[in-house]
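Count residues from 1 along the sequence.
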Amino acid sequence: TIATGATADLTVTVTGSAPLTYQWYEGAAGSTAKPVGTNSAAFRTPALSAAATYWVRVTNACGQADSAAATVSVTAAPLPNLVLDQSALVFRLTAGDRAVGQSVKLSSSGADVPFTASVSTNAGGNWLSVSPSSGSTPATLSIAADASNLAEGTYTGAVSIAASGAANSPQRVQVSA
């Protein structure tokens with residue numbers, strides 16, 4: 001079994017009088033409709049996106065012998081996961097303070113993925129922001145809290161990071177100020 005887009009190495013072990021010739025085939029054992037490979041005891045498949053079956057015919061002066069068929073199974077590559085270096089931020093602000101920012105590093109396991117980032121607040125309006133609001137991993141998000149129009153109190157919100165190509169999307173950074 002291989003991941004989508006990978007190759008597989010197949011080999012055959014033969015006992016018999018030299019010289020031996022090898023012809024690999026794709027398909028059911030005995031079907032010679034699709035020859036592949038070279039005159040070798042080893043064969044590397046092309047990159048596969050679906051299961052494929054291969055076999056080999058070995059010939060010498062005494063005759064020929066066909067191997068059993070070997071099916072190479074293909075599984076979908078796992079989706080990457082979003083990874084945040086922090087899942088919560090606390091801003092120590094007093095009413096009237098200008099925007100203060102903190103950074104959160106965003107990455108992904110496996111392949112890079114495009115993302116969008118958005119903010120939501122439980123009260124106080126638009127005091128929370130994130131930049132950039134879209135991009136591709138890896139990225140550093142600047143999350144800012146602006147208390148210049150807030151009354152004294154505790155405010156909560158969140159930054160949501162969504163990536164359609166990630167298994168664990170969306171991820172959230174909880175914010176309090």
Quiz item: With the 4.5 Å side-chain cut-off for hydrophobic clustering, are Val90 and Val100 part of the same group?
Solution: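 Cluster IDs for Val90 and Val100 differ.
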Quiz item: Can you get from Val74 to Leu79 by hopping between Ile, Leu, Val, Met, Phe, Trp and Tyr side chains that sit under 4.5 Å apart?
Solution: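 Val74 and Leu79: separate clusters.
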About how many Å separate [atom2] of [Y] and [atom1] of [X], when rounded to the nearest 0.5 Å?
| X | Y | atom1 | atom2 | answer |
| --- | --- | --- | --- | --- |
| Gln86 | Ile143 | CD | CD1 | 8.0 Å |
| Thr38 | Tyr22 | OG1 | OH | 11.0 Å |
| Asp97 | Asn149 | CG | CG | 12.0 Å |
| Asp66 | Arg57 | CG | CZ | 4.0 Å |
| Phe43 | Thr11 | CZ | OG1 | 12.5 Å |
| Leu128 | Thr121 | CG | OG1 | 7.0 Å |

Nearest heavy-atom neighbours spanning [X] and [Y]:
| X | Y | answer |
| --- | --- | --- |
| Gly5 | Ala47 | O-CB, 3.4 Å |
| Ala163 | Ser169 | N-OG, 2.8 Å |
| Arg172 | Ser160 | NH1-OG, 3.2 Å |
| Val159 | Ala117 | CG1-CB, 4.5 Å |
| Ser136 | Asp112 | OG-CB, 4.1 Å |
| Ser109 | Val83 | N-CG2, 4.2 Å |

Exercise. Please determine which of Leu93, Val175, Asn122, Leu150 meets the side chain to side chain contact (heavy atoms under 4.5 Å, CB included) test together with Tyr155.
Key: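 Testing each of Leu93, Val175, Asn122, Leu150 against Tyr155, the sole residue satisfying side chain to side chain contact (heavy atoms under 4.5 Å, CB included) is Leu150.
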Quiz item: Would one find more than 12 heavy atoms of other residues, nucleotides or ligands at under 6.0 Å from atom CG of Asp9?
Solution: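 Atom CG in Asp9 is packed in, count exceeds 12.
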Quiz item: Would the number of heavy atoms belonging to other residues, nucleotides or ligands and lying under 6.0 Å from CG of Asp85 be above 12?
Solution: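 Yes, enclosed.
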Quiz item: For Val72 and Leu48, what are the C-alpha separation, side-chain angles and deciding distance, and is it a side-chain contact (heavy atoms from CB on, under 4.5 Å)?
Solution: CA-CA 9 Å; Val72 179; Leu48 298 174; 3.9 Å; yes
Quiz item: For Thr71 and Thr53, what are the C-alpha separation, side-chain angles and deciding distance, and is it a side-chain hydrogen bond (donor to acceptor under 3.5 Å, both in side chains)?
Solution: CA-CA 4 Å; Thr71 299; Thr53 301; 2.9 Å; yes
Practice problem: Check step by step if side-chain contact (heavy atoms from CB on, under 4.5 Å) holds for Thr94 and Glu152. | Solution: CA-CA 7 Å; Thr94 57; Glu152 287 291 330; 4.2 Å; yes
Self-check item: side-chain contact (heavy atoms from CB on, under 4.5 Å) between Leu141 and Ile161, intermediate numbers included
Solution: CA-CA 10 Å; Leu141 303 177; Ile161 300 100; 3.8 Å; yes
Under 3.5 Å: donor-acceptor pair, side chain of [X], backbone of [Y]:
| X | Y | value |
| --- | --- | --- |
| Ser107 | Pro138 | no |
| Gln171 | Asn81 | no |
| Trp24 | Ser40 | yes |
| Thr7 | Pro46 | no |

Quiz prompt | Intermediate values then yes/no, side-chain contact (heavy atoms from CB on, under 4.5 Å), Leu106 and Leu82 | solution = CA-CA 7 Å; Leu106 171 65; Leu82 291 175; 4.0 Å; yes
Quiz item: Sequence neighbours excluded, which residues qualify as ring pair (Phe, Tyr, Trp, His ring centres under 6.0 Å) partners of Tyr25?
Solution: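 With sequence neighbours excluded, Tyr25 shows a ring pair (Phe, Tyr, Trp, His ring centres under 6.0 Å) to Trp55, given in chain and number order.
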Quiz prompt | Heavy-atom side-chain proximity of Val14 to Asn60 below 4.5 angstrom | solution =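 A side-chain contact under 4.5 Å is absent here.
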